[in-house]
Amino acid sequence: MTTTATDRKAKRGKRAPETDASAPSRPAAVTPPPTKMRVRRGMLALGIALALLGGVAVWWIFVNSSRTVSVMATNTDVARGETITAADLTTIQIAGGQQVDAITAKDAAKVVGTTALVDLPSGTLITSANTGNTLPVPSGSSIVGVTLTQAQMPGYALAAGDEVRIVETPVAQGDPPAQSPQSFDATVFTTRHDSENKVWVVDLVVPEREAPDIAARAATGRVALVIDTTGE
């Protein structure tokens, strides 16, 4: 019995020491948000922004392609240098949003009376690039107007760009010249038929130095026009 009592006392003495209530407790560690979560949120926001932009782009294309614009075009062939009349014009519809410099139907009045700067086949869109107030005159050149009867020119229809010669002719019923007559090279600028007087008014591009001589001869009516090369 003595041994047993001693053992019990020894076991009681081995109890775990009580925790000191006055000892400070360690604060709980703060866990930062996962980096992967922040990246995923950023990618999600970017995806939403791209989707919205794509939707706006599709809407813009649909709206612009579904509406049409009335623009001016030729309904007949108009040669370079000819004056455009109302009878030469018509309207066509093109899809909106196209990057073309076409004259709209509401500005049709601005086209009438302008000059075709290039050949305009039927159906050509009228733009500010292919029409203008007048054809450009090369530097160092002048324009001389010549009035001709049908007998003073070939029956071939003249067009802007034709290379011609103005030839001095003798007086009516006079003898032909003993030597080759004086002639001047020129390029057709514009042509117009005066139906009332039954004559052709041909504007010619000539070198500046020869313009006075050609004008003086044209004023006498003693000239003829010869076509050398037709314009393209």
Side-chain angles (χ1 to χ4, degrees), residues 72 74 76-89 103 108-122 124 126-232:
M72 304 305 300
T74 55
T76 186
D77 295 342
V78 180
R80 176 178 177 270
E82 289 185 350
T83 300
I84 299 174
T85 66
D88 298 325
L89 301 172
I103 305 299
K110 298 180 181 179
V111 180
V112 177
T114 59
T115 301
L117 303 182
V118 296
D119 289 337
L120 303 176
S122 179
T124 301
I126 300 297
T127 70
S128 59
N130 58 24
T131 59
N133 294 328
T134 184
L135 291 174
V137 180
S139 177
S141 299
S142 300
I143 297 178
V144 174
V146 180
T147 302
L148 303 168
T149 65
Q150 192 61 59
Q152 293 174 285
M153 57 189 296
Y156 185 88
L158 292 174
D162 289 347
E163 295 181 4
V164 299
R165 277 179 293 165
I166 292 296
V167 181
E168 186 177 12
T169 59
V171 296
Q173 307 299 321
D175 294 330
Q179 298 179 347
S180 296
Q182 180 73 40
S183 65
F184 303 88
D185 294 331
T187 302
V188 175
F189 190 68
T190 60
T191 61
R192 177 176 59 85
H193 185 251
D194 184 347
S195 57
E196 182 177 351
N197 296 308
K198 298 182 180 179
V199 294
W200 286 89
V201 180
V202 183
D203 289 332
L204 300 172
V205 178
V206 300
E208 286 181 351
R209 66 181 182 278
E210 297 180 355
D213 293 333
I214 297 174
R217 286 167 172 78
T220 67
R222 293 171 47 201
V223 293
L225 184 144
V226 177
I227 298 177
D228 290 322
T229 306
T230 58
E232 297 296 332

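Residues L225 and W200 form no side-chain contact, since every pair of their non-hydrogen atoms from C-beta on lies 4.5 Å or further apart. Here the side chains of L158 and M153 are in contact, with some heavy-atom distance below 4.5 Å.
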Working note: T134 + F189, criterion side chain to side chain contact (heavy atoms under 4.5 Å, CB included); need CA distance, chi angles, decisive distance, verdict. CA-CA 10 Å; T134 184; F189 190 68; 3.5 Å; yes
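Among residues at least two apart or in separate chains, salt bridge (Lys or Arg N to Asp or Glu O under 4.0 Å) pairs with a member in residues 201-225 are E168-R217.
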Please table the atom pairs, donor to acceptor, closer than 3.5 Å between any side-chain atom in residues 191-199 and protein atoms at least two apart or in another chain.
residue: D194; atom: OD1; partner: E196; partner atom: N; Å: 3.2
residue: D194; atom: OD1; partner: N197; partner atom: N; Å: 3.3
residue: D194; atom: OD2; partner: N197; partner atom: ND2; Å: 2.7

Kindly list each side-chain donor-acceptor pair under 3.5 angstrom involving residues 135-149, sequence neighbours excluded, with atom names and distances?
residue: T149; atom: OG1; partner: A151; partner atom: N; Å: 3.4
residue: T149; atom: OG1; partner: Q152; partner atom: OE1; Å: 3.3

Expected list for residues 178-187: side-chain donor-acceptor pairs under 3.5 angstrom, two or more places apart:
none

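Not counting sequence neighbours, the partners of T85 by the side chain to side chain donor-acceptor pair (under 3.5 Å) test are D88. Take T83 and apply the side chain to side chain donor-acceptor pair (under 3.5 Å) test, not counting sequence neighbours, and it matches no residue. The side-chain contact (heavy atoms from CB on, under 4.5 Å) check on A224 picks up T169, with sequence neighbours excluded. Under the side-chain contact (heavy atoms from CB on, under 4.5 Å) criterion, P212 pairs with no residue at all, not counting sequence neighbours. In terms of the side-chain contact (heavy atoms from CB on, under 4.5 Å) criterion, residue partners of T114 (sequence neighbours excluded) are, by chain and number, I84, V111, T131.
Using a distance-only test at 3.5 Å, with no hydrogens or angles considered, no donor-acceptor pair links the side chain of D162 to the main chain of V188. Between the side chain of T127 and the main chain of N130, a donor-acceptor pair closer than 3.5 Å is present.
A side chain to side chain contact (heavy atoms under 4.5 Å, CB included) with V164 holds for exactly one of L204, T229, T230; it is L204.
Of all non-hydrogen atoms in P121 and T124, the two that sit nearest each other are O-OG1, 2.6 Å. For the pair V78 and A116, the tightest heavy-atom approach, listed with the atom from each and the gap, is CG1-CB, 3.9 Å.
Distance check, rounded to the nearest 0.5 Å: CG of L117 to CD of E82 gives 12.5 Å.
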